[in-house]
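One structure is given below, encoded as structure tokens.
In what follows, chains are A, B, ... by sequence order, proteins preceding strands, each numbered from 1.
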Amino acid sequence: SQTIHQWPATLVQPVGSPLSLECTVEGTSNPNLYWYRQAAGRGLQLLFYSVGIGQISSEVPQNLSASRPQDRQFILSSKKLLLSDSGFYLCAWSGGNTIYFGEGSWLTVV
Amino acid sequence: AQSVTQLGSHVSVSEGALVLLRCNYSSSVPPYLFWYVQYPNQGLQLLLKYTTGATLVKGINGFEAEFKKSETSFHLTKPSAHMSDAAEYFCAVNPAGKLIFGQGTTLQVKP
């Protein structure tokens with residue numbers, strides 16, 4: 001069966017520091033991959049999605065970037081974090097019309 | 001553009017009472033519709049989905065939802081609430097492979 005792993009689970013970073021969140025999917029090939037953000041008290045916002053290696057689409061302008069160096073690996077990055085980057089980040093994958101989520105990563109920028 | 005509206009950001013029910021969480025969508029094409037549940041500090045878990053076929057779909061934990069095209073609705077129901085149902089619930093529509101979420105409804109279950 002397919003599984004999705006996301007790490008780290010929690011992260012506290014100072015303003016201006018870099019960020020790297022990683023996500024890997026097992027048990028499937030060529031999945032669509034997604035990064036969502038859930039800010040406190042708000043809904044889920046799609047940040048990036050990828051249909052293949054090196055193919056990244058950005059949904060909103062922001063301080064973040066994404067990369068897909070391997071078929072089942074998706075990385076969310078920032079060179080310099082802002083306070084507004086704090087939130088709950090969710091990686092997800094789909095192989096058809098259903099999207100499945102990882103356990104999420106809590107990022108607090110201080 | 002596709003969108004999802006969940007009526008009521010907070011819903012409170014007594015244990016054993018009917019749960020009804022409302023979701024309306026707008027879509028220019030026949031939608032795929034989903035309900036997800038999120039327990040505190042966890043990711044989203046798929047409750048149920050509608051793609052094609054039977055308009056009444058059953059999911060996990062005793063939940064079900066009915067797709068009503070004429071009303072552009074996909075309301076989530078459960079006949080009898082349990083304390084463990086307390087969580088946040090998200091309705092979503094999937095146009096072209098990307099989920100668009102509603103703002104979520106927090107379900108409180110009172111003993």
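A distance of 7.5 Å separates OG1 in A/Thr98 from CG in B/Asn94, rounded to the nearest 0.5 Å. In this structure, A/Asn97 CG and B/Leu99 CG are separated by 9.5 Å, a value rounded to the nearest 0.5 Å. In this structure, CZ in B/Phe101 is found 9.0 Å from CD in A/Gln38, a value given to the nearest 0.5 Å.
Interface residue A/Leu46: only side-chain heavy atoms are found under 4.5 Å from chain B. Looking at B/Leu46, the atoms closer than 4.5 Å to chain A (heavy atoms on both sides) all sit in the side chain, from C-beta outward. With a 4.5 angstrom heavy-atom cutoff, B/Gln6 does not touch chain A via any of its atoms.
Heavy-atom neighbours of chain B within the stretch residues 4-20 of chain A, taken at a separation under 4.5 angstrom, are nonexistent.
Cluster annotation: B/Leu18 and B/Ile60 are assigned to distinct hydrophobic clusters (Ile/Leu/Val/Met/Phe/Trp/Tyr, side-chain heavy-atom contacts under 4.5 Å, transitive). Linking Ile, Leu, Val, Met, Phe, Trp and Tyr whenever their side-chain heavy atoms come within less than 4.5 Å leaves B/Met83 and B/Leu20 in two separate clusters. Residues A/Val109 and A/Leu64 fall within the same hydrophobic cluster, defined by Ile, Leu, Val, Met, Phe, Trp and Tyr side chains chained together at heavy-atom separations under 4.5 Å. Cluster membership for B/Leu44 and B/Val93, using ILVMFWY side-chain heavy atoms within less than 4.5 angstrom, is not shared. Criterion: ILVMFWY side-chain heavy atoms under 4.5 Å apart, direct or through other members. Under it, B/Tyr25 and B/Phe90 are not part of a common hydrophobic cluster.
When side chains are defined from C-beta on, B/Gln38 counts as touching A/Phe88, because their heavy atoms get closer than 4.5 Å. Looking at A/Ile99 and B/Phe34, their side chains never come closer than 4.5 Å, going by heavy atoms from C-beta outward. Put simply, the side chain of B/Gln42 does not reach to within 4.5 Å of the side chain of A/Phe101, judged on heavy atoms.
The nearest pair of heavy atoms linking A/Tyr36 to B/Lys98 is OH-C, 4.4 Å.
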